[in-house]
Amino acid sequence: MSYCVKERAPPDFAKPPVNETREPEQFLMQAPPGNPLLLPHTLQELLSKDSVQVELIPEKKGLFLKHVEYEVSSKRFKCSVYRRYNDFVVFHEMLLQKFPYRMVPALPPKRMLGADREFIESRRRALKRFINLVARHPPFSEDVLLKLFLSFSGSDVQNKLRELVQGVGDEFLTCRLATQAKDFLPADIQAQFAASRELIRNIYNSFYKLRDRAERIASRAIDNASDLLIFGKELSALGSDTTPLPSWAALNNNTWGTLKQALKGLSVEFALLADKAVQQGKQEENDVVEKLNLFLDLLQSYKDLCERHEKGVLHKHQRALHKYSMMKKQMMSATVQNKEPESVEQLESRIVEQENAILTMELRNYFSLYCLHQETQLIHIYLPLTSHILGAFVNSQIQGHKEMSKVWNELKPKLSCLFVGSSNMPTPPLSPPDGNFFSN
């Protein structure tokens with residue numbers, strides 16, 4: 001197995017057990033010290049776990065289609081690997097299989113035919129957010145799946161990822177505390193879950209609107225840059241006009257020639273203003289919009305987890321209880337009707353199996369709530385990211401306006417030659433009375 005850094009390869013795992021039994025000691029995750037339900041991390045600690053860059057590399061032509069490839073560079077593992085979108089898909093699938101009760105961020109959509117550069121860039125950004133959220137998630141960050149994805153340099157990364165999960169079982173089977181999860185949960189866990197879900201739904205809705213407005217603000221800055229550039233070019237074109245001026249129109253007045261000379265040089269300042277506006281827009285896209293998108297991805301993964309809890313383990317538990325109830329009724333009916341002892345024994349055996357299944361479902365349900373409690377804490381650990389986002393937005397506005405104000409102030413003295421008095425001497429521009437050129 002090829003890695004960017006010299007690490008011991010993961011062991012070959014045993015084949016999956018037929019029944020859902022506890023995993024051998026070497027596969028069990030260690031319990032954290034103290035209260036295992038509480039996460040001790042701060043936002044800074046999470047952010048410092050790793051910083052992963054995802055960069056687009058030139059397209060390579062396949063037999064029929066071009067394939068987009070990414071260079072994924074991990075600061076933690078100190079190496080870079082090449083990954084395609086399908087590698088991310090398999091990694092995502094294995095994470096969900098191994099950690100069904102954790103927040104696994106969603107992947108961006110698969111490339112469609114005719115996808116343009118804007119789509120490809122948008123997907124690159126989304127993949128970068130995905131891998132950074134995963135790399136900073138406490139259980140994921142210590143798992144061999146992540147290490148392999150970020151450091152394995154071989155060509156068969158998808159098969160290697162599948163091999164790591166095969167035969168190991170999910171987190172319920174590998175966590176030492178899984179069967180004791182109920183003991184750590186508060187008595188009103190269901191009420192807390194409902195309240196947390198509603199709160200995070202409201203937070204998501206607000207941040208979604210904030211992200212949309214931030215996108216519009218950044219987009220307006222870039223549109224403003226385009227307008228400023230065109231404005232400057234038109235002034236330059238006006239100053240470069242070579243159409244002869246009839247003598248009867250000028251009457252020995254050289255105003256038009258003076259104006260043209262001045263207008264010709266203004267495009268430089270307007271191009272500089274446009275450049276400053278673009279810089280501000282790009283900075284707000286990277287420092288504000290992208291951070292809002294990252295937090296939205298995290299919040300969405302929490303919402304998805306809540307749905308998996310309700311439609312998955314909780315639903316299976318309810319179905320198992322219903323099946324058990326039907327079996328008990330059949331048993332009572334068989335006893336009353338004095339059926340064959342053999343058929344009654346078979347029914348009793350099925351009931352015992354169903355009781356074991358219900359017990360497992362109950363344990364999984366409590367473990368799912370245990371994980372949900374921790375994932376809720378993780379959301380709240382990320383909440384101070386709001387201050388980082390607002391700080392980046394305010395700083396961008398201050399810096400952008402400061403730099404553009406400097407250019408505007410440098411431009412103002414150059415306007416003096418545009419205004420010529422009766423003595424043919426330049427005069428400073430005057431504001432029209434009450435701001436109206438046509439006042440009486």
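One-based numbering along the sequence shown.
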Report task. Give a yes or no on whether a salt bridge exists between Lys98 and Asp143, defined as a side-chain N under 4.0 angstrom from a carboxylate O. Result -> yes
Query raised in the report: Does Glu284 reach the side chain of Gln397, with side-chain heavy atoms less than 4.5 Å apart?
Result: yes
Query raised in the report: Asn132 and Arg136: side chain to side chain donor-acceptor pair (under 3.5 Å), yes or no, with the steps?
Result: CA-CA 6 Å; Asn132 275 284; Arg136 295 162 182 171; 3.3 Å; yes
**Report entry** Aromatic ring proximity, centroids under 6.0 angstrom, Tyr101 and Phe172
**Finding:** no
Query raised in the report: So do Asp50 and Leu150 actually touch side chain to side chain, heavy atoms under 4.5 Å?
Result: yes
Report summary line: CD of Gln280 to CD1 of Ile217, rounded to nearest 0.5 Å, is 10.0 Å
Query raised in the report: Can Lys276 and Glu403 be counted as an ion pair, charged N to O under 4.0 angstrom?
Result: yes
Requested in this report: Hey, can you tell me if Phe149 and Phe91 have their rings parallel, tilted or perpendicular (30° and 60° cut-offs)?
Outcome: parallel
Query raised in the report: What do you reckon, are the aromatic ring centroids of Tyr70 and Tyr82 less than 6.0 Å apart?
Result: no
Query raised in the report: Does Glu69 pair with Arg83 as a salt bridge, N-O distance under 4.0 Å?
Result: no
Report summary line: In terms of heavy-atom contacts, Ser301 and Pro105 come closest through CB-CA, 3.8 Å
Report task. Go through the steps to decide whether His92 and Gln97 satisfy the test side chain to side chain donor-acceptor pair (under 3.5 Å), and finish with yes or no. Result -> CA-CA 9 Å; His92 181 265; Gln97 188 172 325; over 6 Å; no
Query raised in the report: With side chains defined as the heavy atoms from C-beta onward, is the minimum distance between Leu235 and Phe231 less than 4.5 Å?
Result: yes
Query raised in the report: Looking at Asp170 and Arg364, does any basic side-chain N land under 4.0 Å from a carboxylate oxygen?
Result: yes
Query raised in the report: Would Val52 and Lys128 satisfy side-chain contact (heavy atoms from CB on, under 4.5 Å), going step by step from the backbone distance to the final call?
Result: CA-CA 7 Å; Val52 186; Lys128 180 181 177 181; over 6 Å; no
Query raised in the report: Heavy-atom count around Lys49 NZ within 6.0 Å, excluding the residue itself: above 12?
Result: yes
Query - Under 3.5 Å donor-acceptor, Asn395 side chain and Gly391 backbone - result: yes
**Report entry** Main-chain N/O of Leu372 paired to Thr376 side chain as donor or acceptor, under 3.5 Å
**Finding:** yes
Query raised in the report: Please walk me through it: do Glu307 and Lys303 pass salt bridge (Lys or Arg N to Asp or Glu O under 4.0 Å)?
Result: CA-CA 6 Å; Glu307 287 190 14; Lys303 292 170 65 179; over 6 Å; no
Report task. Working to the nearest 0.5 Å, report the span between OG of Ser48 and NZ of Lys75. Result -> 9.0 Å
Query raised in the report: Leu238 versus Lys260: any side-chain heavy-atom pair under 4.5 Å?
Result: no
Query raised in the report: Is the distance between the ring centroids of His309 and Phe193 less than 6.0 Å?
Result: yes
Query raised in the report: Rounded to the nearest 0.5 Å, how far apart are CZ of Arg117 and OG of Ser122?
Result: 15.5 Å
Report summary line: Looking only at heavy atoms, the pair that brings Ile381 and Thr42 closest together is CG2-C, 3.7 Å
Report summary line: Pro138 and Leu378 have their tightest heavy-atom pair at CD-CD1, 3.9 Å
**Report entry** Within-4.5 Å side-chain heavy-atom neighbours: Arg308 and Arg102
**Finding:** no
Report summary line: Rounded to the nearest 0.5 Å, the CZ atom of Phe393 sits from the CG atom of Leu292 at a distance of 10.0 Å
**Report entry** No-hydrogen, no-angle side-chain donor-acceptor test under 3.5 Å, Gln279 and Asp275
**Finding:** yes
Query raised in the report: So does Arg129 pair up with Glu290, basic N to acidic O under 4.0 Å?
Result: yes
Query raised in the report: Just by modelled atom types, is the Ser141 backbone N or O under 3.5 Å from a matching donor or acceptor in the Arg76 side chain?
Result: yes
Query - His137-Glu142 side chain donor-acceptor pair, cut-off 3.5 Å - result: no
Report task. May I ask you to check whether over 12 heavy atoms, not counting those of Arg216, lie within 6.0 Å of atom CZ? Result -> no
Query raised in the report: Any side-chain heavy atom of Glu215 sitting closer than 4.5 Å to one from Arg211?
Result: yes
For residues 196-205, dump all side-chain donor-acceptor pairs below 3.5 Å to protein atoms at least two apart in sequence or in another chain.
unit_1, atom_1, unit_2, atom_2, d
Ser196, OG, Gln192, O, 2.9
Arg197, NH1, Glu310, OE1, 2.9
Arg197, NH1, Glu310, OE2, 2.7
Glu198, OE1, Arg201, NH1, 2.4
Asn202, ND2, Glu198, O, 3.4
Tyr204, OH, Gln300, OE1, 3.3
Asn205, ND2, Arg201, O, 3.3

Report summary line: Tightest non-hydrogen contact, residues Tyr370 and Ala181, listed as CB-CB, 3.8 Å
Requested in this report: For the residue pair Asp223 and Ser226, establish whether any side-chain heavy-atom pair is separated by less than 4.5 Å.
Outcome: no
Report task. Flag the pair Glu55 / Arg124 as yes when at least one side-chain heavy-atom distance between them is below 4.5 Å, and no otherwise. Result -> yes
Query - Asn286/Lys291 under side chain to side chain donor-acceptor pair (under 3.5 Å): CA gap, chis, key distance, verdict - result: CA-CA 7 Å; Asn286 294 326; Lys291 286 178 181 175; over 6 Å; no
Report task. Would you please say whether a donor-acceptor pair under 3.5 Å links the side chains of Gln158 and Asp87? Result -> yes
Query raised in the report: Is the backbone N or O of Ala237 less than 3.5 Å from a side-chain atom of Ser240, with the two atoms forming a donor-acceptor pair by type?
Result: no
